Amino acid sequence: MNKHEQIILFISIIFINLNTLPSITPVYSCSHSYLVVQLSSYIAATFSIGECEMTTLTTTRVKLTNSVLKGLSEQIRRVNDTELPGFHLRISERGKMTYYLFYRLHGKQVNFKLGSHPQITPAQAREMAKQKAGEVANGIDVQQARKAQRLQTERDKLTRLEAFIEQRYRPYQETRNPKTATKLIQQFYSGFPELLPLQLSDITAARIENWRNAKKKGGMKDATINSYVATLKAALNRAVDWDLIDHHDLQKVKPLKSDNTRVRYLEDDEEQRLREALRARDQRLKNERDSANKFRQQRGYPLKPPLYDYPYADHLEPIVLLAMNTGLRKSELLSLTWADVDIKRKHLTILPSNAKSGKTRHVPLNSHALNVFKGWAKHHAHQHYVFERAPGDKLQDVKKSWNKVLEEAQIENFRFHDLRHHFASQLAMRGVDLNTIRELLGHHSMEMTLRYAHLRPEKKTAAVDLL
């Protein structure tokens with residue numbers, strides 16, 4: 001046995017006979033010429049062993065208290081509590097103190113972290129250790145329970161309605177149909193602001209029934225209520241598919257019975273007044289531009305292009321006329337690029353990204369629509385979009401100017417979308433079959449198109465006359 005081994009054996013015998021003294025953990029370093037062995041928290045001995053150094057890092061047993069922690073030497077790395085088995089303190093090289101509970105369960109050894117000093121005191125850590133030791137005694141693996149709780153906490157963050165919408169549902173909808181995603185997501189914020197902080201599992205049929213009753217009393221239309229609820233149901237269905245929640249019970253919320261077959265179209269005199277109001281507005285805008293140029297000329301300001309040479313002073317009249325003659329939705333009209341319009345072949349194309357159905361649709365152009373496109377193209381064919389508010393930026397809406405024209409034309413209870421109904425109604429009243437109307441409107445099924453069937457009573461008359 002060499003000199004080094006003799007010393008280690010000697011120290012080990014001392015520790016075997018003195019349970020109150022600390023155990024040792026030798027650490028070797030070959031840059032110095034002495035050996036330090038910490039025999040206790042207070043006594044150190046140095047031995048010279050060639051050109052190597054061995055510093056012993058120790059573990060001691062003592063009741064953990066604040067005063068004990070303050071008096072620990074730098075070589076102490078672990079303190080086992082004498083009052084509670086398994087409860088101990090670990091000290092890092094940088095001096096960070098952390099409380100643990102050591103336990104065995106089902107053959108597995110685990111060190112369960114209780115907290116750090118001085119965030120919690122030794123007495124607080126001991127109480128926590130007692131509680132966890134009791135759980136272990138009852139067969140609970142507290143380490144696994146903590147991991148499960150952390151996972152549940154992370155899951156709960158994602159399964160709040162607002163977090164679910166933004167982190168999972170919005171990206172999903174944007175990949176499916178970017179055109180409708182923003183409008184669909186906005187329904188959650190406008191219709192269910194009080195539900196946004198809730199867990200998905202807390203959105204129950206009873207809660208939605210109460211919401212629906214309140215909206216009904218507030219005057220919201222049945223069709224609008226049904227639309228909101230359907231949007232919410234679809235989102236929760238997706239959450240179930242993605243295993244974020246086990247189930248939901250919104251299938252118990254049955255749609256309200258509503259008549260969504262409203263068909264508002266222009267009577268002949270209304271259409272005439274609308275056209276006259278559009279022409280009068282166009283002339284007024286041209287006169288105002290002329291008057292403004294005279295003002296600029298008198299003061300030496302640059303003149304703006306006169307509008308008298310333009311078929312249309314601005315975008316409103318051509319947009320309205322095209323809606324009446326093509327049946328396009330407002331969003332489809334405003335998304336049109338000149339590449340979508342084929343004047344030579346007399347048709348335009350609605351791309352899937354701009355269509356509500358997500359499918360390409362080809363719409364033939366009658367002479368009225370062709371004349372509008374030709375007239376507008378004279379001064380705007382260089383643009384990317386047919387209707388732009390700035391170079392490369394499509395027009396977003398015509399609500400303000402549209403409502404003003406309706407007021408001037410003395411037309412009430414008529415939306416821009418009703419121009420689409422007007423288009424379909426005129427076709428139905430002229431004998432066009434419903435399937436053709438369905439194709440022109442881009443309806444996914446005949447159900448939506450059937451609302452125009454009542455405009456063709458002669459078909460029913462002809463049918464019974466066959467008997």
Side-chain angles (χ1 to χ4, degrees), residues 7-29 35-47 54-157:
I7 293 171
I8 296 301
L9 177 61
F10 172 74
I11 295 171
S12 300
I13 292 171
I14 293 174
F15 290 160
I16 291 171
N17 289 280
L18 298 173
N19 287 332
T20 58
L21 291 181
S23 60
I24 61 172
T25 304
V27 177
Y28 294 92
S29 175
L35 166 66
V36 178
V37 179
Q38 181 74 47
L39 296 177
S40 70
S41 300
Y42 309 100
I43 303 174
T46 302
F47 300 87
M54 184 178 76
T55 301
T56 302
L57 305 180
T58 64
T59 299
T60 188
R61 294 180 69 249
V62 65
K63 180 179 178 180
L64 283 167
T65 63
N66 281 321
S67 60
V68 167
L69 298 190
K70 290 177 182 178
L72 291 175
S73 70
E74 293 182 358
Q75 280 71 40
I76 296 294
R77 288 291 179 264
R78 173 168 173 157
V79 182
N80 292 327
D81 186 59
T82 56
E83 185 172 303
L84 180 64
F87 175 45
H88 63 280
L89 176 78
R90 289 185 178 184
I91 307 169
S92 70
E93 291 182 2
R94 296 184 178 182
K96 182 179 179 182
M97 300 181 179
T98 307
Y99 300 102
Y100 288 89
L101 173 66
F102 173 81
Y103 67 90
R104 291 184 177 90
L105 186 67
H106 307 310
K108 182 173 64 174
Q109 299 181 1
V110 181
N111 271 315
F112 180 80
K113 182 178 177 181
L114 299 166
S116 299
H117 185 82
Q119 283 73 27
I120 58 175
T121 66
Q124 290 171 331
R126 187 179 292 106
E127 285 302 314
M128 292 174 61
K130 287 179 180 178
Q131 178 187 347
K132 295 302 177 183
E135 294 177 16
V136 172
N138 290 325
I140 298 174
D141 189 338
V142 292
Q143 187 82 302
Q144 289 301 320
R146 171 180 282 176
K147 290 180 180 179
Q149 182 59 45
R150 286 175 178 170
L151 289 174
Q152 186 60 46
T153 300
E154 291 300 315
R155 188 182 185 189
D156 288 346
K157 290 179 182 178

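The structure presented is a predicted model; accordingly, all values stated were derived computationally and were not measured.
- In this structure, the side-chain contact (heavy atoms from CB on, under 4.5 Å) partners of Gln109, at least two apart in sequence or on a different chain, are Phe102, Arg104.
- In terms of the ring pair (Phe, Tyr, Trp, His ring centres under 6.0 Å) criterion, Phe112 has no residue partners (sequence neighbours excluded).
- The closest side-chain heavy-atom distance from Asp141 to Lys108 is below 4.5 Å.
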Listing, residues 126-134 side-chain donor-acceptor contacts under 3.5 Å, not counting sequence neighbours, or none:
residue	atom	partner	partner atom	Å
Arg126	NE	Asp81	OD2	3.2
Arg126	NH2	Leu64	O	2.7
Arg126	NH2	Asp81	OD1	2.9

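- The backbone N or O of Gln124 lies less than 3.5 Å from a partner atom in the side chain of Thr121, making a donor-acceptor pair.
- Of the inter-residue distances, the one linking Arg90 atom CZ with Thr98 atom OG1 reads 9.0 Å to the nearest 0.5 angstrom.
- Using a 4.5 Å heavy-atom threshold, the side chains of Glu93 and Arg77 count as touching.
- The minimum heavy-atom distance between Asn66 and Pro122, with the atom names listed, is OD1-CD, 3.1 Å.
- Using bins of under 30°, 30° to 60° and over 60° for the plane-to-plane angle, the ring pair Tyr99/Phe87 lands in the parallel bin.
- Side-chain contact between His88 and Asn111 is present, with at least one heavy-atom pair separated by less than 4.5 Å.
- Contact record, Leu105 with Gly139: CD2-O, 4.1 Å, taken as the closest heavy-atom pair.
- Put simply, the side chain of Thr60 never gets that close to the backbone of Val79: no donor and acceptor are under 3.5 Å apart.
- Shortest non-hydrogen contact noted between Ala125 and Ile120 is CB-CD1, 3.8 Å.
- Counting only heavy atoms from C-beta outward, the side chains of Ile76 and Ile91 approach each other to under 4.5 Å.
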